[in-house]
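To start, the structure under review is shown below, and the notes come after it.
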Amino acid sequence: MLRTHTCGELRQSHIGSTVSLCGWVDTIRDHGGVIFIDLRDQYGITQVVFHNQAVMEGVGTETVIRAVGTVMPRENEAVNEKLATGSVEVHSCAPEILGPCKNMLPFEIDLSHHTREEIRLKYRYLDLRNEKLHSNILMRSKIISFLRSQMEALGFVDLQTPILTSSSPEGARDYLVPSRVHAGEFYALPQSPQQFKQLLMVAGFDKYYQIAPCFRDEDARGDRSPGEFYQLDFEMAFATQEDIFQIGETVLYNTFKAFTNKKVSPAPFRRISFADSMLHYGTDKPDLRNPLVINDLTDFFATANFPLFKGKAVRGIVANCSGQSRKFFDGAESAAIALGMKGLGYLTYTEGTFKGPIAKFLTPDEQAKLILEENIKSGDTIFFICDSKEIVSSLAGGVRRWLGEELALVDHDSFEFCYIVDFPMYEYNVEERKIDFTHNPFSMPQGGLEALNTLDPLDIFAYQYDIVCNGIELSSGAVRNHSPEIMRKAFEIAGYGEEEIKTKFGAMYTAFQYGAPPHAGMAPGVDRIVMLLCGEETIRDVIAFPLNGSAQDLMMGAPSPVTDSQLRDAHIYVSKI
RNA sequence: GGCCCGGUAGUUCAGUUGGUUAGAACGCUAGCCUGUCACGCUAGAGGUCGUGGGUUCGAGCCCCAUUCGGGUCGCCA
């Protein structure tokens, strides 16, 4: 037996017993006649004491050693309150080296988060020894386990779908895998199990879920891995949008509640229409921790005698800025300019009057109307965002974010969930001068075939929804279009014929002609859930072996060249330059 | 692909108007130390200033090109 106890295990009850500990040397404190080692493993740290400098030969930090010795008490001031094992220590004659360590590490383990990512990723196994990162990965495991147990408890069954599948022509760029057997043909890695899970519904599997790997060849972001990521993918037969919402908010609320002490907005999550979200928060990913709300002042300024805003889209944000310095307002203007605005108009309301250059353009009646409609109180400032209707929302959203942070209105100790609903089914593509699907062609239009036949396509909503938490899109989902007839019509409006459907989604389109149940689902992103719960800013800090921003594995050296013979097998012929 | 920021010791950084031998902290090595727990003290090693060119009497610093990172927009049905 290599070890009798872990490094987090020993307590006063073990005093007097002979134990064997194994682990990494965390720190060495050499006092000449007495040497202290903090021995570390996944479970904790135990102080081991040696009394002979000579036995320390070859033992440096991060060396893996085994120490056999006696558990001794630590008296009074020798007790280390910071360690769970701090009331005892192990007295050992000599360490046994199990895994020597080069005496110059590429970076210090406990300071790895200060080290540039390129080096951390190359020596990822060292970085993963860092306490925070290590605990993130353990937390990820626990969260995934918890998600599974909840899904199972709700009657969902875990089913695997293929990794080698066919390329789907829409959406993100595919990762292609050349076929050896079929020269010139390719598999693709799935961007999501979308079509397979829908086919499982047709096959009569009632409730499906999977912690599904998804592959997309798109560039990275702080909250988006390049290459691959995981989703809690699920789908239900005979489900309405509301059925899915209840599953989603139950599972996410329970999960967040189980893994954080911060406030979590309870189910039912707020339902906000896409249009309202764009208007009042300036984004389809609202951060509801920020209490500020954007209002539409376009109509107000349409009649007011202020030439700069007349005939344009205008938004207003009311915030209490009493006590704010000139520097704050200058900062607000700089932020607005950084967003691409020409400036930032505002009026401050104190002692019954508006102050600010715009005030003189508004009649007393108009001022009174503004105060009433925007519920302006003494000490409030109303900021105006004015631009074309295409971009005014996102500009207002940027100003809202800035004000929320600068005025410290964002509650960083809470998770605020909402559903964004009623996404438009179609949008107008200005460049190609045609109508396009806004999201994906799998969603059921609200109102079904009748809506497609009678309404202006741009007025039709889809049963398409997102879950957003603290400004981060955690999930999207939809009630699927399971009707070949509605599908044909939906594609026709976007300018595609039946042939197009058969080419792109042949298996599913055919399957739907053999008795398809209505079905719906969603797929919350596992990495983002873990990132939020670990309080991390980048998704790489919750993935054991992430790719870097350029989709490379710096540790394994992927992607990499392969041999000519491998290329021949794959029927790939690269011209040598 | 566009834009912004960066690359100086193993790591994180400083480096003045272009001027003698490029510094600090941590880490590493050696020595001293029997109660530390981020131990302490003393000494030491460690640099092609990302790469290539240019300007100059002289370049870490200025100019051009290039490369590698990070962020962001595009992209992400």
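Numbers restart at 1 for each chain; the letters A, B, ... are given by sequence-line order, proteins then strands. Source: prediction; values computed, not measured.
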Nearest-angstrom distance, [atom1] atom, [N] to [M]:
N: rG52(B); M: rU16(B); atom1: C1'; result: 28 Å
N: rC64(B); M: rC3(B); atom1: P; result: 15 Å
N: rA25(B); M: rG69(B); atom1: P; result: 32 Å
N: rG71(B); M: rG27(B); atom1: P; result: 29 Å
N: rU48(B); M: rU29(B); atom1: C1'; result: 24 Å
N: rA14(B); M: rA22(B); atom1: C1'; result: 11 Å
N: rA24(B); M: rU42(B); atom1: P; result: 14 Å
N: rU17(B); M: rA59(B); atom1: C1'; result: 14 Å

Indicate, yes or no, whether a donor-acceptor pair under 3.5 Å links the base of [N] to the side chain of [X].
X: Asn548(A); N: rG69(B); answer: no
X: Glu537(A); N: rG71(B); answer: no
X: Arg224(A); N: rC75(B); answer: yes

When all nucleic acid strands are considered with a 4.0 Å heavy-atom cut-off, which category describes [X]: base, sugar-phosphate, or nothing?
X: Gly60(A); result: nothing
X: Arg221(A); result: base
X: His91(A); result: base
X: Asp38(A); result: sugar-phosphate
X: Glu89(A); result: base

Can you tell me the base-pairing partner of [N]? Count Watson-Crick or G-U wobble geometry only, both distances below 3.5 Å, and say none if there is no partner.
N: rU11(B); value: rA25(B)
N: rA59(B); value: none
N: rC3(B); value: rG71(B)
N: rC32(B); value: rG40(B)

When you measure from the side-chain N and O atoms of [X] to the phosphate of [N], is any distance below 4.0 Å, counting only OP1 and OP2?
X: Lys82(A); N: rA38(B); result: yes
X: Ser192(A); N: rC76(B); result: no
X: Arg540(A); N: rG71(B); result: yes
X: Asn103(A); N: rU29(B); result: yes

Can you tell me how far [atom2] of [N] sits from [atom1] of [X], to the nearest Å?
X: Lys102(A); N: rU29(B); atom1: NZ; atom2: C1'; value: 16 Å
X: Leu554(A); N: rG69(B); atom1: CG; atom2: P; value: 7 Å
X: Asn76(A); N: rU36(B); atom1: CG; atom2: C1'; value: 16 Å
X: Asp110(A); N: rC37(B); atom1: CG; atom2: C1'; value: 14 Å
X: Leu83(A); N: rC39(B); atom1: CG; atom2: P; value: 12 Å
X: Ile109(A); N: rC26(B); atom1: CD1; atom2: C1'; value: 14 Å
X: Arg401(A); N: rU72(B); atom1: CZ; atom2: C1'; value: 12 Å
X: Leu339(A); N: rC3(B); atom1: CG; atom2: P; value: 20 Å

Ranking rG35(B), rG74(B), rC68(B) by distance to the side chain of Asp219(A), first place goes to rG74(B)

Any protein N or O atoms within reach of nucleotides 9-13 of chain B? Criterion: under 3.5 Å, listing atom names and distances.
residue : atom : partner   : partner atom : Å
rG10(B) : O2'  : Pro106(A) : O            : 2.9
rU11(B) : O2'  : Thr115(A) : OG1          : 3.4
rU12(B) : OP1  : Arg116(A) : N            : 2.7
rU12(B) : OP2  : Arg116(A) : NH1          : 3.1

For residues 460-477 of chain A, the salt bridge (charged side-chain N to carboxylate O under 4.0 Å, His left out) pairs (sequence neighbours left out) are none

Test: salt bridge (charged side-chain N to carboxylate O under 4.0 Å, His left out). Region: residues 122-131 of chain A. Which pairs qualify, not counting sequence neighbours?
Glu62(A)-Arg129(A), Arg120(A)-Asp127(A), Arg124(A)-Asp127(A)

What donor-acceptor contacts under 3.5 angstrom involve side-chain atoms of residues 64-81 of chain A, with partners at least two apart or in another chain?
residue  : atom : partner  : partner atom : Å
Arg66(A) : NE   : Leu2(A)  : O            : 2.6
Arg66(A) : NE   : Ser20(A) : OG           : 3.1
Arg66(A) : NH1  : Glu96(A) : OE1          : 3.2
Arg66(A) : NH2  : Met1(A)  : O            : 3.3
Arg74(A) : NE   : Ala78(A) : O            : 3.0
Arg74(A) : NH2  : Ala78(A) : O            : 3.1
Asn80(A) : OD1  : Lys82(A) : N            : 2.9

List for me each residue that meets side chain to side chain contact (heavy atoms under 4.5 Å, CB included) alongside Arg29(A), sequence neighbours excluded, and say none if there are none.
Thr27(A), His31(A), Phe36(A), Asp38(A), Gln47(A)

Is the shortest distance from a Lys or Arg side-chain nitrogen in Glu492(A) or Lys489(A) to a carboxylate oxygen in the other one below 4.0 Å?
yes

With the threshold set at under 4.0 Å for non-hydrogen atoms, list the residues of residues 25-34 of chain A touching RNA chain B in residue-number order.
Thr27(A), Arg29(A), Asp30(A), His31(A), Gly32(A), Gly33(A), Val34(A)

Among residues 43-59 of chain A, which contact RNA chain B at a heavy-atom distance under 4.0 Å?
Gln47(A), Gln53(A)

Under the ring pair (Phe, Tyr, Trp, His ring centres under 6.0 Å) rule, what pairs show up with a residue in [range], not counting sequence neighbours?
range: residues 52-88 of chain A; answer: none
range: residues 77-113 of chain A; answer: His51(A)-His91(A)
range: residues 62-87 of chain A; answer: none

Any side-chain heavy-atom pair from Tyr426(A) and Phe437(A) closer than 4.5 angstrom?
yes

Side chain to side chain donor-acceptor pair (under 3.5 Å) involving Gln195(A) - partner list, sequence neighbours excluded:
none

Rounded to the nearest 0.5 Å, how far apart are CG of Asn440(A) and CZ of Phe505(A)?
8.0 Å

Listed pairs under 3.5 Å, donor-acceptor, residues 219-228 of chain A side chains, sequence neighbours left out:
residue   : atom : partner   : partner atom : Å
Arg224(A) : NE   : Asp219(A) : O            : 3.2
Arg224(A) : NH2  : Asp219(A) : O            : 2.5

Please indicate whether Tyr428(A) has more than 12 foreign heavy atoms, meaning atoms of other residues, nucleotides or ligands, lying under 6.0 Å from its OH.
yes

May I ask you to check whether over 12 heavy atoms, not counting those of Trp24(A), lie within 6.0 Å of atom CH2?
no

